[in-house]
Number of protein chains: 2
Amino acid sequence: MTVEEVAPAPRMRSADRREQILVAATAVFGAKTYVGTTTDEVARAAGVSQPYVVRLFGTKEKLFVEVIERAYARLLAEFRAALPGSVEGRAERMGTAYTSLLAERGMLPVIASSTALGGEPVIGRVARKGFSEIWRFVREDAGFTEEQTRQFMATGMLINAIVGLRLTGDYGDELSATEIFDACFPDGVAKLRTFMPGTDEPW
Amino acid sequence: MTVEEVAPAPRMRSADRREQILVAATAVFGAKTYVGTTTDEVARAAGVSQPYVVRLFGTKEKLFVEVIERAYARLLAEFRAALPGSVEGRAERMGTAYTSLLAERGMLPVIASSTALGGEPVIGRVARKGFSEIWRFVREDAGFTEEQTRQFMATGMLINAIVGLRLTGDYGDELSATEIFDACFPDGVAKLRTFMPGTDEPW
DNA sequence: AGTCCAAGTAATCATTCGATTACAAACAAG
DNA sequence: CTTGTTTGTAATCGAATGATTACTTGGACT
């Protein structure tokens, strides 16, 4: 019996490889924290070697910047797609658009965690820009009033907290976790749970 | 001219020293991230040696757990103190109690950042517990309805995002930062700014 | 004075991790 | 076929950092 050969990573154009790594990095960064995840974990999740990740993105920081920018861009696109239709249903459609991002591994956790990284010089700037753009979109493009905007964004931040805290895993266990969920997702939590697997599974 | 002697840290009972380190650690952890701050920075901020921090708290993780627990306990106490008085003014008094915690270095940033650490096995549990206790207090002890609780907590999470993003520093600079602030603190932002110094000064 | 314990540090170790370097292999063009 | 470019890895380095060990100092109490 011959030694099992490690499948050499099939060739790919660097642009595609970049995108593949960004997807993997979103999942891995979303599962832990920015500082807490290593470039090696990202590389392994993407199926390439660690030096290649560094080579394609320069530094870990630049990689994470691209991850955040990509996440906010995706969120913005999702919101934009939710605009058409009745004005009354707009807020709900946008809210659904937000929670449906849970289906994409790490997307929501990355956005959520970005709001805690204002202290990082480089990343903080990117996170502020992303948040500000979302706020501006809701206010101007979606046409929300100032108060509506505040409430919409506040609800989003509450969802962020639930996601960031992994309250989903404890659903049913802890005291008020059930009520927290019911308060935030009155239409039932079943759909959400399908999106949110285990406790520390990489999202 | 004799060599300037480094002032040896004055003797102190370990209980007092622990508290002093916790105060310093709150400021330092609040200024950056949990993973991103070193025990040495904490030690220097507290005016002791790095090994002594480790000795008093066992591990960096245990130190941070105590920092979080202390912050949530403080917040709970502040909320409790805001209960007496007219029922109508209760929400506003509690809100003021929350923002006034900005005066204590790192307190609010630590609480805010804790909502993004659910992925950490040990710390996540503590953060979930703190958040759940706050929710329970608002709902039961403060007597808010489910909807009131949801809105109150959501507003708190929005404040967390503003704090975590350091949007205060950009006030006036970026496009919608001004409106974000006005929407969240309609009573004027002057007081807040006095609480929030520089951009990356340790809070 | 002498003893004992608590408070505190200097020195250093062992890992981890991001980054660099040098090299190999696939593919395209002439 | 040969040559050049792009894709990719193995090996390794250097710095940062949490933790450990061994030692010192100060005070309280006989």
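Everything numeric here is computed off the predicted structure, so don't read it as measured data. Below, each value reflects all heavy atoms present in this structure, side chains not excepted, and no hydrogens, waters or symmetry copies.
Put simply, CZ on B/F57 is 13 Å from P on D/dA19, counting in whole angstrom units. Note: CZ (A/R44) to P (D/dG8) measures 18 Å, nearest angstrom. Rounded to whole angstrom, the span from the OH atom of A/Y52 across to the C1' atom of C/dT21 amounts to 17 Å. Atom pair A/D40:CG and D/dT12:P shows a separation of 17 Å (rounding to whole Å applied). To the nearest angstrom, P of D/dT7 lies 11 Å from CD1 of A/I21. A/D16 places its CG atom 19 Å from the P atom of C/dA26, with the value rounded to the nearest Å. Residue B/L56 contributes atom CG, which lies 8 Å from atom P of C/dG8 at whole-angstrom precision.
In the set C/dG8, D/dG8, C/dG18, the nucleotide with an atom closest to the side chain of B/M12 is C/dG8. When the nucleotides D/dA19, C/dT9, C/dA19 are ranked by their closest atom to the side chain of B/V48, C/dT9 comes out on top. Taking the side chain of A/V54 as heavy atoms from C-beta on, and the options C/dT9, D/dT9, C/dA19, the nearest nucleotide is C/dA19.
Taking the nucleotide of DNA chain C with the nearest heavy atom to each of A/G36 and A/P51, the more 5' of the two is matched to A/G36. Map A/Q50 and B/R55 each onto its nearest nucleotide of DNA chain C; the residue landing nearer the 5' end is B/R55.
Ion pairing between B/K129 and B/E69 fails under the 4.0 Å rule for side-chain N and carboxylate O.
Remark: the A/R11 side chain and the C/dA25 base include a donor-acceptor N/O pair separated by less than 3.5 Å.
Dashed line: the shortest gap from a side-chain N or O of B/T39 to OP1 or OP2 of D/dG18 is under 4.0 Å. OP1 or OP2 of D/dT7 has not a single side-chain nitrogen or oxygen of A/R17 nearer than 4.0 Å. The side chain of B/S49 contributes no N or O atom lying less than 4.0 Å from OP1 or OP2 of C/dG8.
Between A/Y98 and A/T155, the side chains place no donor N or O within less than 3.5 Å of an acceptor N or O (distance only, hydrogens not considered). A/T149 and A/E146 share no side-chain donor-acceptor pair at under 3.5 Å.
Note that B/K60 lies outside the cation-pi zone of B/F29, set by a 6.0 Å cut-off to the ring centre and a 45° limit from the axis. A cation-pi contact links B/R18 to B/F57, judged by a cut-off of 6.0 Å to the six-membered ring centre and 45° from its axis.
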